[in-house]
There are 2 protein chains.
Amino acid sequence: MPSANAVAKVPIEAGSEPEKRLRNRAATEQAILAAAKRLLAEEGFQNFGINAVARGAGCDKQLIYRYYGGLDGLVEAIGADLGSWVRDRIPDDNGGMFLLTYGDLMERLTLLFLDALRGDPLMRRIVAWEVSENTEQVRRLSEARSKALAGWIDRMRGSLAPPKGIDAVAVNALIFAAVQHLVLSAAVSGQCAGLALKTAKDWEKAAVALKRIVRGVYG
Amino acid sequence: MPSANAVAKVPIEAGSEPEKRLRNRAATEQAILAAAKRLLAEEGFQNFGINAVARGAGCDKQLIYRYYGGLDGLVEAIGADLGSWVRDRIPDDNGGMFLLTYGDLMERLTLLFLDALRGDPLMRRIVAWEVSENTEQVRRLSEARSKALAGWIDRMRGSLAPPKGIDAVAVNALIFAAVQHLVLSAAVSGQCAGLALKTAKDWEKAAVALKRIVRGVYG
DNA sequence: ATTGCTAATCACCGAACGGTGACAAGGTGG
DNA sequence: CCACCTTGTCACCGTTCGGTGATTAGCAAT
């Protein structure tokens, strides 16, 4: 290997990573944010820290402090993305379907929410984080998430009103809580309270039960 | 200060902590276990570690390795206590009440479970832990908990069977999931999906909604 | 009093953490 | 060409973590 030093001076990445991200702040910021989201989604909030994110982004942690003001700012940037989550993951129309009753609406909402949460590991980790810690970080994230979700629900609801005599806020809180815990538990252990949740058939059972619950309350 | 060394030789704890727990293995083991449970209940699983437990128990961490074989063994010892949790926290009879239908049973079970979970911070932390991590530790804990709970439910059920045509396992999984997430979220943030959960009145609303859901399914 | 067992403590290790200040590298305007 | 500003990197700090010998301290039997 002749002139090894001269070659080594240029990192070997000629064939490994063609993109170098050299002196490009915007790209680096995006890389950091992407690494943070990926890390949080894949590893969970347990080992989520400055060092891990910097390692994942392939840059120095100092840049995280410079560009985001530390982990807090980075987490807030993640929270800002949650608004787009709703737009990306959940259709904002009814797919040509007519929702005649509040029960129709809630059935569709809960099933959509179930599938969306099942398919989004980042969101699951955030939900798990919310019920595990009470730091300012998490509170901000939680707020952003609930706000985005509430807005989406409002848009879907249209002019439909819940039946009189039913505390829809409380009932819906329980239903959404059920979906969240079910999906979280399934993602971690593949089951929830004795109900296996691995195969498509398992999930179909869960969906049927969920519909039955919703219809049991709202008809 | 004459003979300061001699005085310092005896720790000042003469007036601070009358109990010394000197060379008493059984007592030390209990102190460690109690400290672990207290720490887990009050601080959560995030900062739960060998050093923290040793600090909380007021002894050296080496003893945790000796007596429990490390954190894993200690966690298992906590899991072994979960069986007694059911016995302590939840009555195993029906309080002289006659449960005529499966709906009666489930209403009573869910409300009992709700209150029991609300009143037990340790159990809440364990549930939050279960949906946040997937280590062997947590899996063992989870298993112990679900086993104890299933046993209790079985004892309560007696000969009552769910209505035909209803997938009770799936429905009940959702209902228990709802209770768990509701209580966890409330404990952390005082609310769940927009439903405030602080005052007794708030919880009464939640209980009414829960009853409505159960009755909606099981009549 | 001496021996021996065991409960309990101490001292230390390497690693990882969050955080910070100093410095090198790369474009840009004069 | 030079000075300047931004981007990126490096080295280091103090602290905490999990984990492991080596050591001390209390009690019982002989």
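Here is the naming used below: chain letters follow the sequence lines, and residue numbers restart at 1 for every chain.
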Output yes when at least one side-chain N/O atom of A/Asn51 is less than 4.0 Å from OP1 or OP2 of C/dG18, else no.
yes
Checking contacts here: which listed nucleotide (C/dA7, D/dC10, D/dT7) is nearest the side-chain heavy atoms of A/Asp60?
D/dC10
Distance in angstrom units between A/Lys61 NZ and D/dT9 P, rounded:
14 Å
N/O (side chain, B/Tyr65) to phosphate O (OP1/OP2, D/dT20) under 4.0 Å
no
Rounded distance (Å) that lies between atom C1' of D/dT9 and atom CZ of A/Arg25:
16 Å
Classify the side-chain pair B/Tyr65/B/Asp60 by whether it contains a donor and acceptor separated by less than 3.5 Å.
no
Whole-Å distance separating the CD1 atom of B/Ile64 from the P atom of D/dG18:
10 Å
Please check if any side-chain donor atom of B/Asp81 sits under 3.5 Å from a side-chain acceptor atom of B/Ser84, or the reverse.
no
According to side-chain contact (heavy atoms from CB on, under 4.5 Å), who are the partners of B/Ser189, at least two apart in sequence or on a separate chain?
B/Ser185, B/Gln191
Take the protein atom CG of A/Asp72 and the nucleotide atom P of C/dG18, then report the distance between them rounded to whole Å.
12 Å
Identify whether the distance between the nearest side-chain nitrogen and carboxylate oxygen of B/Asp202 and B/Lys205 falls below 4.0 Å.
no
Whole angstrom value for the distance that separates P of D/dT24 from CG of B/Leu63
17 Å
Assess whether one donor atom and one acceptor atom, taken from the side chain of B/Arg66 and the base of C/dA7, lie less than 3.5 Å apart.
no
Enumerate, atom names and distances included, each donor-acceptor pair closer than 3.5 Å involving a side-chain atom of residues 67-77 of chain B, sequence neighbours excluded.
residue: B/Tyr68; atom: OH; partner: B/Glu29; partner atom: O; Å: 2.8
residue: B/Asp72; atom: OD1; partner: B/Gln137; partner atom: NE2; Å: 2.8
residue: B/Glu76; atom: OE1; partner: B/Arg140; partner atom: NH1; Å: 2.8

Tell me the interatomic distance from B/Asn24, atom CG, to C/dA8, atom P, rounded to whole angstroms.
7 Å
Five-pair end axes of the helix from C/dA1-D/dT30 to C/dG30-D/dC1 and the angle they enclose, rounded to 10°:
30°
Report the distance from atom CD1 of A/Ile50 to atom C1' of D/dT15, rounded to the nearest whole Å.
17 Å
Sidechain N-carboxylate O distance under 4.0 Å for A/Glu43, A/Arg125:
no
For B/Arg23 and C/dA8, is the shortest distance between a side-chain N/O and OP1 or OP2 below 4.0 Å?
no
Please check the phosphate of D/dG8 (OP1 and OP2 only) for any side-chain N or O of A/Thr28 closer than 4.0 Å.
yes
Whole Å only: how far is the CD atom of A/Gln62 from the P atom of C/dA25?
17 Å
Is the distance from OP1 or OP2 of D/dC17 to the nearest side-chain N or O of B/Arg55 less than 4.0 Å?
yes
Using a cut-off of less than 4.0 Å, is there contact between a side-chain N or O of A/Tyr67 and OP1 or OP2 of D/dG8?
yes
Keeping A/Asp120 on the side-chain end and A/Ala116 on the backbone end, is there a donor-acceptor pair under 3.5 Å?
no
